[in-house]
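To start, the structure itself, in structure tokens.
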There are 2 protein chains.
Amino acid sequence: MLKLSRLTDYAAVVMAQIARHPQASHAAADLAETVQLPHPTVSKTLKMLVKAGLLTSQRGAQGGYRLARSASQITAADIISAIEGPVAMTECSQAQGECELAATCGVADNWQRVSLAIRTLLESVTLAHLAASTPIKLPVQLPIQSISLSAVSA
Amino acid sequence: MLKLSRLTDYAAVVMAQIARHPQASHAAADLAETVQLPHPTVSKTLKMLVKAGLLTSQRGAQGGYRLARSASQITAADIISAIEGPVAMTECSQAQGECELAATCGVADNWQRVSLAIRTLLESVTLAHLAASTPIKLPVQLPIQSISLSAVSA
DNA sequence: TTTATACAGGACTAAAATGGTACCCAATTG
DNA sequence: CAATTGGGTACCATTTTAGTCCTGTATAAA
């Protein structure tokens, strides 16, 4: 399926919710209530997002979470990385030289290019896009062009 | 990580190997030997690829596997779907109306667009590309354009 | 200063997906 | 018929994922 983990999905929903009310401080309990998900799980997700630097937290009464930067400066790739680690399709796309099958594999290079293309795409989608109810209009030439041969193998 | 499962990875490697010698019939044992992976696992993978219609098989002595169609007509998306099922980032990207959280979610539509963009990208990469040792040159305007608003929400 | 609020961190458990194996059957060739 | 090679199924071990809980700590307000 090549799908996101459920937690990542939650993270996106929660981030979008916060992004829609950027000036307020959002308590984990409130968010959990709003998005109809179990509180401890939402809480866990929020902590991961803080650790990744996408949210800031404030303890104590009237505390809660806020975006660390504007929604248009947070990308889908950021959110995914925060929960799942770096976006990469294969083991060897993240750290090269680790795969002892490289010799017989023969597809590693091209998978890496595909991986990069996907990453670029995900970096072009911002939280502002996701949170908006209007359809995304993705930038047209940029992402694909940047992954073609010249950019990668240079 | 948004990564492919290990079996999918194997599938790509094996498919590439077959694609490099399209006229020959490839026994599972030979392929396993060539790509240095356990025989039963490779065998399992091959069966899935047959079931998905990407390979044809011939039983008996001198039997083995061959591509069901030319390498340039088999896409990365085909291979991934064969092993992992349809390419979709979220639960609701594959079958709509299934998610009871849709009301509070608010990001479903846009995730689906992203999902579609990735699928389109993966469909533009063929087995011929993967098997070639030369870098892929992905088509430039096509995929991204096709996912922008008009194509999806129409 | 006390108290209630709310995040931080980590340990733990249950469930599911994944990967790998084994076994027996079916088809083909010679 | 015998040898080869794929087909199908069931099973097990491991890992990953998801979810829960508990204890600690910072902050704000009364």
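Hydrogens, waters and symmetry mates play no part in the numbers below; they use all other heavy atoms, side chains included. A, B, ... follow the sequence lines: proteins, then strands. Residue 1 opens every chain.
Environment of CD in E33(A): sparse, with no more than 12 heavy atoms of neighbouring residues, nucleotides or ligands closer than 6.0 Å.
Look at Y10(B) and you won't find any side-chain N or O under 4.0 angstrom from OP1 or OP2 of dG19(C). Within the structure, a side-chain polar atom (N or O) of Q58(A) is placed less than 4.0 Å from OP1 or OP2 of dA28(D). In this structure, S5(B) does not reach the dA17(C) phosphate: none of its side-chain N or O atoms is under 4.0 Å from OP1 or OP2.
With hydrogens and angles left out, the side-chain atoms of D78(A) and T75(A) include a donor and acceptor closer than 3.5 Å. If you check the side chains of E84(A) and T8(A), you find a donor sitting under 3.5 Å from an acceptor.
R66(B) has its CZ atom 14 Å from the C1' atom of dG6(D), to the nearest Å. Going from atom CZ of R59(A) over to atom C1' of dA29(D) covers 18 Å, rounded to whole Å.
Side-chain atoms of K47(B) stay outside donor-acceptor range of the base of dG6(D), with no qualifying N/O pair under 3.5 Å. No donor-acceptor contact under 3.5 Å links the side chain of R6(A) to the base of dA18(D).
Nearest heavy-atom pair, L121(A) versus A117(B), reported as atom, atom and distance to 0.1 Å: CD2-CB, 3.6 Å. Minimum heavy-atom separation, H26(A) to A24(A): CD2-O, 3.4 Å.
Of the candidate nucleotides dA26(D), dT29(C), dA28(D), dA28(D) has the atom lying nearest to any side-chain atom of A61(A).
Sequence order on DNA chain C of the closest nucleotides to G60(B) and E84(B) puts E84(B) first from the 5' end. Closest-nucleotide positions on DNA chain D for T8(A) and Q62(A) were compared, and the one nearer the 5' end corresponds to T8(A).
DNA chain C lies under 4.0 Å from at least one heavy atom of each of the following residues of residues 21-45 of chain A: H26(A), A27(A), A28(A).
When heavy atoms are screened at a 4.0 angstrom cut-off, L46(A) is found touching no nucleic acid atom at all.
Considering only heavy atoms from C-beta on, L2(B) comes within 4.5 Å of I118(A) through its side chain.
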